[in-house]
2 protein chains.
Amino acid sequence: MSSQNTIKPTESELEILQILWEKGDCTVREVHEILTQHKEAGYTTTLKIMQLMQEKGLVRRDTSSKTHIYSALASQQKTQEHLLSKLIDNAFSGSAARLVMQALGNHSASKDEIEAIKKYLNDLDYK
Amino acid sequence: MSSQNTIKPTESELEILQILWEKGDCTVREVHEILTQHKEAGYTTTLKIMQLMQEKGLVRRDTSSKTHIYSALASQQKTQEHLLSKLIDNAFSGSAARLVMQALGNHSASKDEIEAIKKYLNDLDYK
DNA sequence: TTTGATATACGAATATATTCGTACATTAGT
DNA sequence: ACTAATGTACGAATATATTCGTATATCAAA
């Protein structure tokens with residue numbers, strides 16, 4: 001079972017992980033461009049964070065050429081799992097149901113999304 | 001509309017808020033006892049955090065007697081809303097549905113919980 | 001009234017996260 | 001070959017969160 005993802009990403013790290021999850025391999029420049037669509041940040045700041053992430057094992061990088069290529073090592077699945085269960089414990093008194101309802105109630109899931117969830121719930125029953 | 005809850009509690013603060021949400025009014029001692037069921041912590045550490053929370057406006061305290069009485073100011077609802085939407089944005093690419101399914105899938109919601117959610121979803125339809 | 005238990009206030013140490021300046025290397029264009 | 005652009009490495013400043021020691025006040029019991 002390879003290396004664990006006990007490591008919890010910080011907020012900045014999470015922003016970067018998300019980009020890597022979506023885009024796959026990226027240079028620092030690419031990540032940085034995307035990041036700065038939302039917020040201000042210096043290039044070396046992004047670089048530094050990604051370097052630290054590499055040391056922590058959250059990402060891997062290919063340094064064979066001058067411009068390094070980064071990709072996510074932390075699995076999206078595991079990371080989401082971890083953050084979610086932390087939130088459930090921390091803010092929802094351990095009740096997944098409460099969290100779910102809150103999410104559905106406020107975050108205006110679309111009709112499609114709600115249908116998908118219903119289907120999902122029904123499938124759960126048959127296990 | 002009173003004071004906003006733009007303030008985001010830290011992890012330690014959240015632990016304390018949860019206790020206050022559940023128990024209502026508490027002394028530092030009471031909160032501390034509950035906290036230390038799960039983890040190690042010095043009394044003055046808990047005290048300090050609660051004092052800082054008061055300064056930040058997360059809690060209010062009654063100092064009329066020697067032993068101060070604390071209660072939550074940050075609403076559970078608002079705080080959950082905020083943390084949840086942050087998580088959805090930060091780790092689930094903005095998709096509430098993905099988060100919900102992840103929550104249901106892994107966090108082993110009980111049969112009762114799942115029933116409650118189904119009911120909830122059906123009610124949503126009629127609005 | 002002396003002592004012990006319990007309380008708050010406060011300051012400081014430690015840890016962690018974030019930000020960025022500066023130095024230096026490499027590459028591409030002129 | 002020189003210069004500008006672009007990249008990494010590294011160290012330091014800043015911000016924030018966490019932890020706890022120590023001083024001091026209050027109260028109750030002996």
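Residue numbers begin at 1 in each chain, while the letters A, B, ... track the order of the sequences.
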Between B:T45 and B:A41, is there a donor-acceptor pair closer than 3.5 Å when you use the side chain of the first and the backbone of the second?
no

Mind checking whether B:Q76 and B:Q18 have side chains closer than 4.5 Å, heavy atoms only?
no

When you measure from the centre of the six-membered ring of A:Y70, is the NZ or CZ of A:R60 closer than 6.0 Å and no more than 45° off the axis?
no

In whole angstroms, the gap separating C1' of C:dC10 from CD of B:E55 amounts to 11 Å

Please check: side-chain N/O of B:Q80 versus main-chain N/O of A:A91, any donor-acceptor pairing under 3.5 Å?
yes

Which nucleotide, D:dT18, D:dT8, D:dA9, lies nearest any side-chain atom of A:R61?
D:dA9

Whole angstrom value for the distance that separates C1' of C:dC10 from NE2 of B:H68
14 Å

Between B:Y43 and B:V28, is any pair of side-chain heavy atoms under 4.5 Å apart?
yes

Taking only side-chain nitrogens and oxygens of B:Q51, does any of them come within less than 4.0 Å of OP1 or OP2 of C:dT8?
no

Rounded to the nearest angstrom, tell me the gap between atom CG in A:D62 and atom P in D:dG7.
16 Å

Rounded to whole Å, the CD1-P distance (B:I69 to C:dT6) equals 16 Å

For B:K39 and D:dT18, is the shortest distance between a side-chain N/O and OP1 or OP2 below 4.0 Å?
no

Per-nucleotide protein contact string for nucleotides 20-30 of chain C, where B marks a base within reach and S marks sugar-phosphate only (heavy atoms under 4.0 Å, - for neither):
BBB---BS---

d(A:L17 CG, B:N90 CG) to nearest 0.5 Å is 10.5 Å

Quickly work out the A:M53 CE to C:dT16 P distance and round it to whole Å.
18 Å

Out of D:dT6, C:dT18, C:dT8, minimum distance to the side chain of A:R29 belongs to D:dT6

Any side-chain N or O of A:T10 less than 4.0 Å from the OP1 or OP2 oxygen of C:dT18?
yes

Calculate the interatomic distance between B:I16 atom CD1 and D:dT19 atom C1'; express it in whole Å.
13 Å

Backbone of A:I16 reached by a side-chain donor or acceptor of A:W21 within 3.5 Å
no

Please determine whether a side-chain nitrogen or oxygen atom of A:S12 lies at a distance below 4.0 Å from atom OP1 or OP2 of C:dT18.
yes

In whole Å, I'd like the distance from the CG atom of B:L14 to the P atom of D:dT18.
11 Å

Between B:Y43 and D:dT19, does any side-chain N or O lie under 4.0 Å from OP1 or OP2?
no

Within this structure, what is the CG-to-P distance between B:L47 and C:dG11, rounded to whole angstrom?
14 Å

